[in-house]
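See below for the structure under consideration.
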Amino acid sequence: MKQELEQAIDHLCKELLGIGVDVELTRSEEQFGDYATNVALRLAKELNANPREIAEKIASKLYHAAIAKTEVAGPGFINLTLTDDALWSLSGQPPAQTLAGKQVVAEYSDPNPFKVLHAGHLYTTITGDAIAKLLETAGATVHRLNYGGDVGLHVGKCMWAIVRFLEGEHPKKLEAVETDKRLEWLSERYIEGNNAYEADEQAKAEIVAINKRVYQLHTNNDHDSDFAQIYWTGRQWSYDGFDRLYDQLQITPFEKYIPESEVTPVGIEMVQKGLAQGVFEESDGAIVFKGEPHGLHTRVFLNSGGLPTYEAKDLGLAALKWQQYNFDLGVIITANDIVEYMKVVLKVLEHFYPEVVKRSKHFTHGVIKLPGGIKMSSRKGNILRAIDILEAAHEANKTTNGHDNQQTVLAAIKYAFLKQRIGGDIIYDPAESVALEGNSGPYLQYAHARARSILAKAKTADSGQLTVDSLETGERSLLRKISEYTEVVDRSVQEFMPHHICTYLYELAQTFNSFYEHNRVLGDPRELTRLRLVQKYADTLKNGLQILNITAPERM
RNA sequence: GGGAUCGUAGUUCAGUUGGAUAGAACGUCAGUUUCCGAAACUGAAGGUCGCAGGUUCAAGUCCUGCCGGUCCCA
């Protein structure tokens with residue numbers, strides 16, 4: 001309907017003024033009506049005419065069954081007020097299927113085996129899942145991928161400490177570690193290895209050697225040696241631990257993990273091929289890409305020891321994803337410290353797969369901090385871990401609300417992360433996130449439960465008449481807000497930004513609460529109409545929360 | 001030193017291809033419960049949109065310079 005109206009206005013412009021414009025109706029403040037357009041203002045210059053006169057000209061000729069009132073206001077806006085009927089049919093519609101049939105690959109979370117899952121991983125996990133769901137809402141098929149470093153220096157550090165802890169390469173001794181302690185146990189070993197690497201020259205040399213052995217174990221496909229058994233067990237423990245956390249978070253499961261070891265040979269091969277083709281050059285024994293001619297910087301792809309860097313691996317990863325999925329759209333979400341790095345990798349990738357670069361979107365986010373200002377540093381042990389966030393939220397929920405409900409805590413964390421535009425740093429305040437007052441996940445859950453409770457109490461055979469037209473002010477405000485839903489989702493899809501949905505849902509809940517406060521539903525002569533509204537509202541709220549992967553409980 | 005990015009109320013954040021009086025939340029202050037869930041609602045105070053220029057009928061939004069923060073590269 002919105003499109004119809006836009007086309008009608010575009011038509012009028014051509015007919016009356018001889019100029020076509022790209023008309024976009026925007027939602028206006030309630031006092032001005034339902035939709036507004038600034039076409040007259042934009043055309044004024046071109047036509048060298050008074051914008052208000054142009055607006056009047058268009059407005060006076062604009063007729064549509066859905067329009068109840070047309071007004072010219074301010075410097076030359078055309079304000080449209082829809083009929084109540086039109087508002088009803090506008091609300092409750094499914095979002096536009098703009099991505100129907102599209103194959104999307106979404107890569108996010110990306111924790112490293114043998115290391116701890118930190119707050120940043122938690123953030124991309126939740127945000128990535130929401131973006132994936134958002135795209136699914138628009139009709140896309142989304143493949144959720146999780147990429148992580150199962151090779152590399154951090155693995156060397158961890159393996160070194162494990163072997164030391166076990167007093168030799170004794171895989172059998174691993175059995176002593178309890179199942180639910182494994183992830184924590186591994187991250188403790190990593191910290192030990194990391195500290196030794198920095199403090200002790202001999203340990204450093206040993207770790208470098210072990211790191212090489214890990215790579216070798218992959219090339220030799222070694223699953224039998226004692227060293228290999230320790231490694232594979234450790235890797236599996238990591239994946240199991242990650243899966244447990246994802247399960248706990250109630251996010252959509254990943255389609256698969258892509259381990260770094262799998263993409264490494266692909267990446268190396270690409271670098272060698274690229275070297276022969278003149279994409280790379282040798283420099284002090286390393287293979288580098290000179291980014292300066294492209295306004296970028298130089299980066300190493302194979303180091304002087306012949307080992308692939310992150311760059312080479314990312315190249316392999318991109319190639320592998322493309323070969324396996326042939327996607328229409330590739331979405332990657334990472335921290336924003338690698339934006340420059342990513343540009344170089346994409347520039348190189350352009351040489352191999354220009355199509356992939358065109359179809360890829362890289363979103364980045366900032367650092368996750370607690371209000372005190374603790375910053376993550378993945379080197380030392382004193383980082384903000386994912387479970388620290390979860391624990392802080394549980395703790396806050398207990399002290400603020402006097403109980404500890406998993407659904408509330410999850411809603412609190414997810415909503416706190418998602419309500420902010422993706423890009424900047426996030427200051428996560430546990431107390432604020434679980435609060436039932438204010439712009440929080442639990443507030444929305446409560447707003448939903450309240451509405452459902454009314455519906456549950458309504459008797460089936462009901463008094464009152466259904467009057468879809470001639471709505472009262474409060475009723476109309478609520479319906480007007482509900483009718484915005486699909487437009488908000490569409491915009492979120494276009495921008496890949498779930499936070500628009502958060503902002504909207506909060507406004508929606510506020511509108512409802514205000515309506516609820518001032519209008520009796522049950523037993524009122526207008527009961528049937530109002531129940532219909534409450535139903536639409538609750539469904540809309542639930543649908544929106546679903547995109548964010550937040551539950552909408554009937555009771556709480 | 002080069003590059004990226006951000007700077008909006010005391011705090012945390014929204015702000016549509018440039019559009020109407022810059023909006024929320026928390027906090028502060030003042031109110032609202034015989035009645036559908038007060039875990040709610042109503043209202044008030046609080047702003048040089050970092051600073052200075054420029055483009056435009058119109059700038060928080062675009063351009064230039066400067067200041068400040070964060071990150072990347074050497």
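Only a predicted model underlies this, so the values are computations on that prediction, with no experimental measurement involved. All values below come from the heavy atoms of this structure, side chains included, with hydrogens, waters and symmetry mates left out. Chain letters run A, B, ... following the sequence lines, proteins first and then strands; every chain starts at 1.
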> Looking at the side chain of F32(A), which of C26(B), A20(B), U16(B) is the nearest nucleotide?
Replying inline: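 Comparing C26(B), A20(B), U16(B) against the side chain of F32(A), the answer is A20(B).
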> With respect to the side chain of K457(A), which nucleotide from G37(B), A24(B), C41(B) is positioned closest?
Replying inline: G37(B)
Distance check, [atom1] atoms only: [N] and [M], in whole angstrom units.
| N | M | atom1 | value |
| --- | --- | --- | --- |
| G43(B) | U55(B) | P | 42 Å |
| G27(B) | A74(B) | P | 47 Å |
| G10(B) | C66(B) | C1' | 27 Å |

> Does N79(A) make a side-chain donor-acceptor contact with the base of A20(B), cut-off 3.5 Å?
Replying inline: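 Under the 3.5 Å cut-off, the side chain and the base do form a donor-acceptor pair.
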> Can U17(B) be described as syn, meaning its chi torsion is within 90° of 0, or is it anti?
Replying inline: anti
> Nearest-Å distance, CG (N336(A)) to C1' (A4(B))?
Replying inline: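 It is 10 Å, rounded to the nearest whole Å.
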> Separation of E517(A) atom CD from G43(B) atom P, in whole Å?
Replying inline: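 Rounded to the whole Å, the gap is 12 Å.
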>> For a quick check of understanding: with a heavy-atom distance under 4.0 Å over all strands, which category does I427(A) fall into, base, sugar-phosphate or nothing?
In response: sugar-phosphate
>> Pairing check on A20(B): which nucleotide meets the Watson-Crick or G-U wobble criteria with it, both distances under 3.5 Å?
In response: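 Per the H-bond distance test, none.
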>> Which nucleotide, if any, forms a Watson-Crick or G-U wobble pair with A38(B), using both distances under 3.5 Å?
In response: none
> Closest approach of N549(A) and K414(A), non-hydrogen atoms and distance?
Replying inline: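 Shortest heavy-atom contact: O-NZ, 2.8 Å.
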>> Please determine whether a side-chain nitrogen or oxygen atom of S514(A) lies at a distance below 4.0 Å from atom OP1 or OP2 of U42(B).
In response: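 For S514(A), the contact criterion (side-chain N or O under 4.0 Å from OP1 or OP2 of U42(B)) is met.
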> T408(A) and side-chain contact (heavy atoms from CB on, under 4.5 Å): which partner among P553(A), P442(A), S433(A)?
Replying inline: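 That would be P442(A).
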